[in-house]
Amino acid sequence: LTPGNPKWKRNDLTYRILNYTPKMRQADVEKAVQKALSVWSNVTPLTFKKVDDREADIMISFAYRDHKDNSPFDGPNGQLAHAFQPGEGIGGDVHLDEEEDWSKDGRGYNLFIVLAHELGHSLGLSHSNDPGALMYPSYSYTAPNEFLLPQDDIDGIQAIYGQSSAAVQPTGPVTPQPCDPNLTFDAIATLRGEIMFFKGRYMLRKHPERAETELNFVSLFWPKLPSGIQATYENIERDEVLLFKEDKYWVLRGYDIAPGYPKPIYRLGFPKTVKRVNAAYNDETTGKTYFFIADRYWRYDENKKSMDHGYPRKIVSDFGKIGRVDAAFQKDGYVYFFRGTTQFQFDPRAKRIVRQMKSISWFNC
Amino acid sequence: LPVSPEAEDERKTLQLVESYLQNFYNLQKDQKPHLRTKGDNPIVEKLKEMQAFFGLQVTGKPDLDTLEIMKKSRCGVPDVGEYS
């Protein structure tokens with residue numbers, strides 16, 4: 001919250017778009033503004049009405065370098081925008097750096113994301129040090145159609161204006177903490193000696209030689225990948241990682257998404273009854289990849305590029321009490337299966353579970 | 001004499017650190033910052049404040065992780081103190 005706890009005395013606020021950027025269609029700018037305002041009106045009693053011919057509470061404009069508010073912009077990149085806390089006159093106003101490469105998608109800087117952040121200031125919020133929060137100072141891209149206001153921001157704005165009148169209170173994504181004992185994973189894969197743990201729109205990156213765990217947005221590395229990846233595995237021999245979501249998959253070649261993806265999972269030989277993959281790992285010694293779906297699994301031959309006969313089989317038949325699997329990866333000859341907050345170390349030679357740990361055992365907690 | 005590349009790099013680093021802390025951590029412009037002097041050097045104190053905010057190791061030195069964050073595009077509103 002901003003020191004002094006400034007807030008608007010009314011809930012019905014007005015806004016006005018004073019000018020536009022030549023880098024976007026006017027209609028796209030207006031859409032970005034409306035969507036950014038709805039981020040906050042969806043979780044509070046606030047309403048925003050557009051006015052065109054008079055002073056509004058929130059005046060939105062694109063400005064160049066020194067624009068007479070004692071906070072000059074600095075040209076492309078660096079400072080993208082700023083906004084003023086609630087109050088008369090300049091209070092609540094949003095200034096966007098005209099020299100930035102504004103866009104409605106992942107190119108340059110997404111106008112919707114920046115506006116939603118600045119409007120947080122216009123309503124009385126300051127910066128959050130939660131790296132997943134909208135009010136975090138540094139820019140990071142989230143596809144607008146995938147954007148969900150994080151819980152940290154919902155808590156902040158509701159502390160000022162109260163909850164929305166909706167029957168069911170909206171909740172938002174919480175930034176994963178590596179040492180949270182309740183942390184679970186959507187998918188896990190090795191990648192050139194590192195281990196990538198996927199969770200929602202985040203990826204925890206662990207290098208065996210580094211003590212700390214790096215938390216990043218998936219979109220920071222791969223803007224074209226959706227959040228919510230459900231299964232991944234590395235084919236070390238081909239230096240590829242395959243990533244699965246619903247009935248599609250992408251291929252990472254090295255660190256880049258290969259062109260021509262996503263492709264349907266049915267190209268790998270799955271029947272149409274399979275709608276998504278829960279987990280996968282590749283056994284580099286045999287060249288076989290194991291896909292886990294519900295309580296069954298398939299085995300795929302990477303050399304023949306086809307599913308082996310006699311599958312699917314029941315997971316419990318060959319992997320013991322593990323049952324269903326959230327995520328899996330192979331490292332140093334062992335397979336690590338994750339289900340909820342539990343991790344099983346499986347020895348494929350002895351065909352049995354040799355150890356059971358917490359899912360967060362890799363993060364030196 | 002031509003400035004050695006290391007000295008040039010250090011000058012640029014100091015400039016980046018100084019302007020970042022002035023813009024977002026209320027470092028006063030008139031203070032002559034020195035990255036090396038001991039004691040309560042304002043730039044070192046502000047650097048620690050920024051590192052604490054971003055959950056970095058609080059060293060008071062412009063290490064790689066700190067400079068990486070300073071180079072990221074961001075909001076122009078300061079992370080601390082009044083902005084009006």
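Order of the sequence lines fixes the chain letters, A, B, ..., with proteins taken first and strands second; residue numbering starts at 1 for each chain.
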Distance (rounded to the nearest 0.5 Å) between [X] [atom1] and [Y] [atom2]:
X         : Y         : atom1 : atom2 : value
Glu212(A) : Leu56(B)  : CD    : CG    : 10.5 Å
Ser138(A) : Met70(B)  : OG    : CE    : 11.0 Å
Leu220(A) : Lys72(B)  : CG    : NZ    : 6.0 Å
Cys75(B)  : Met135(A) : SG    : CE    : 6.5 Å

- Task: Please indicate whether Asp66(A) has more than 12 foreign heavy atoms, meaning atoms of other residues, nucleotides or ligands, lying under 6.0 Å from its CG.
- Result: yes

- Task: Please state whether the side chain, the backbone, both or neither of Tyr20(B) comes within less than 4.5 Å of a heavy atom of chain A.
- Result: neither

- Task: Taking the side chain as every heavy atom from C-beta outward, state whether Tyr109(A) and Ser73(B) have any pair of such atoms under 4.5 Å apart.
- Result: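 Side-chain contact under 4.5 Å: yes.
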
- Item | Side-chain heavy-atom pair Leu80(A), Arg74(B) within 4.5 angstrom cut-off | no

Could you look at [X] and say if it's the side chain, the backbone, both or neither that has a heavy atom under 4.5 Å from chain B?
X         : answer
Ser140(A) : neither
Glu118(A) : side chain
Phe73(A)  : neither

- Minimum heavy-atom separation for Ser128(A) to Phe53(B), with atom names?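 Here Ser128(A) and Phe53(B) meet closest at O-CZ, 3.5 Å.
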
- Taking all heavy atoms of Asp79(B) and all of His127(A), pick out the closest pair and write down the distance.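 Answer, listing the atom of Asp79(B) first, then His127(A): OD1-ND1, 2.7 Å.
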
- Near-ring test Phe54(B)/Tyr136(A), centroid separation under 6.0 angstrom: yes

